[in-house]
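Remember, it's a predicted structure, so these values are computed and weren't measured experimentally.
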Amino acid sequence: MNYEIVEMEPFSGSEAKVYSIIPEGEEETLFEKFVDENKVYYKDEIKDILKRLKQIGHTTGARESFFKHEGDNEFVRKYGKYVWALYDEEERNLRLYCVRFSNVAIILGGGGFKDKSVIKWQEDEKLSVEVRIIMAYAESIIKQLDDGSLYWSDSGTELEGNLKNYDNE
């Protein structure tokens with residue numbers, strides 16, 4: 001799995017770092033793709049998500065109350081404990097999935113529309129794909145943290161090391 005972890009400058013701040021992933025061969029992050037896919041039909045929800053991300057980075061940190069935990073099978077129990085949906089307001093339908101590291105950092109993935117009739121992400125094809133993608137990245141990132149090729153800064157708030165996880169680098 002080849003990818004680059006990039007800091008999302010407008011959102012990162014003193015309270016939390018906000019990152020996203022650029023998959024190999026792509027030019028935009030998973031988060032930018034999510035915004036592009038949803039900005040026309042869910043303009044207000046996208047604005048709310050952007051506002052919340054700035055709040056997380058600059059004011060509050062990545063408080064658990066801003067997120068909903070995703071997962072319930074063995075793979076999910078191992079790596080899914082890091083995978084969360086940004087949870088805004090009950091009447092909102094967009095779900096943005098991310099890897100959350102306590103209050104200090106999040107790595108944004110993709111997401112999509114979640115109809116109110118859908119109870120679990122596994123029931124929706126698009127959401128299922130998006131959650132499985134971010135779980136695969138979470139697995140790879142956790143393995144990088146375990147092997148030391150990726151690590152936390154001395155302050156414990158920034159990812160450092162091999163942010164460009166490519167087989168040939």
Does any non-hydrogen side-chain atom of R100 lie less than 4.5 Å from one of E64? yes
Start with the C-alpha distance between E37 and K126, add both sets of side-chain angles, then the distance that settles salt bridge (charged side-chain N to carboxylate O under 4.0 Å, His left out), and finish with yes or no. CA-CA 12 Å; E37 289 173 353; K126 166 79 168 141; 3.2 Å; yes
Enter the distance from T29:OG1 to E32:CD here, rounded to the nearest 0.5 Å. 3.5 Å
Reported NZ-to-OG distance for the pair K17 and S155, which is rounded to 0.5 angstrom: 8.0 Å
Between E45 (side chain only) and N93 (backbone N and O only), is there a donor and an acceptor less than 3.5 Å apart? yes
Main-chain N/O of L159 paired with Y19 side-chain donor or acceptor, under 3.5 Å: yes
Heavy-atom pair with the smallest gap, counting every atom of N103 and R63: OD1-CA, 3.7 Å
Once you round to the nearest 0.5 Å, how far does CZ of F34 lie from CG of L86? 8.5 Å
Do F66 and W84 have their ring centres less than 6.0 Å from each other? no
Taking all heavy atoms of L30 and all of L108, pick out the closest pair and write down the distance. CB-O, 4.2 Å
Under the 3.5 angstrom rule, does the side chain of N165 hit a backbone N or O of M1 as a donor-acceptor pair? yes
Measure the OH-CG distance between Y41 and L94 for me, rounded to the nearest 0.5 Å. 13.5 Å
Within 6.0 angstrom of E160 CD, more than 12 heavy atoms from elsewhere: yes
In sequence, state the C-alpha distance, the side-chain angles, and the governing distance for L127 and Y97, and then conclude on side-chain contact (heavy atoms from CB on, under 4.5 Å). CA-CA 9 Å; L127 297 180; Y97 298 106; 3.8 Å; yes
Check the pair I22, E28 against side-chain contact (heavy atoms from CB on, under 4.5 Å), reporting the backbone distance first and the verdict last. CA-CA 6 Å; I22 301 175; E28 61 183 358; over 6 Å; no
What heavy-atom pair brings K54 and P10 nearest, and what distance separates the two atoms? CG-O, 3.9 Å
For the atom pair CG (L163) and CD (E158), what is the distance rounded to the nearest 0.5 Å? 10.0 Å
Closest approach of A16 to A62 (non-hydrogen atoms, all atoms of both residues): CB-N, 4.1 Å
Do you reckon L50 sits in the same ILVMFWY cluster as V6, going by side-chain contacts under 4.5 Å, direct or chained? yes
Taken in chain and number order and not counting sequence neighbours, the residues that satisfy ring pair (Phe, Tyr, Trp, His ring centres under 6.0 Å) with Y137 are Y3
For the CG atom on D146, are there more than 12 heavy atoms of other groups (residues, nucleotides or ligands in this structure) within a distance under 6.0 Å? yes
Evaluate side-chain contact (heavy atoms from CB on, under 4.5 Å) for L150 paired with N162, printing each intermediate quantity in order. CA-CA 5 Å; L150 192 62; N162 186 17; 5.5 Å; no
Do T157 and F101 come close enough that some side-chain heavy atom pair is under 4.5 Å? no
Assess the residue pair F31 and L96 against the criterion (side-chain contact (heavy atoms from CB on, under 4.5 Å)); give the C-alpha distance rounded to whole Å, side-chain angles, the decisive distance to 0.1 Å, and a yes or no. CA-CA 8 Å; F31 176 67; L96 172 63; 3.7 Å; yes
So, S12 versus E7: side-chain donor-acceptor pair below 3.5 Å or not? yes
Rounded to the nearest 0.5 angstrom, the CD1-CD1 distance for I49 and I56 is 10.5 Å
Note: E15 and G61 closest approach over all heavy atoms is CB-N, 3.4 Å
Can you find a pair of side-chain heavy atoms, one from V18 and one from I107, that are under 4.5 Å apart? no
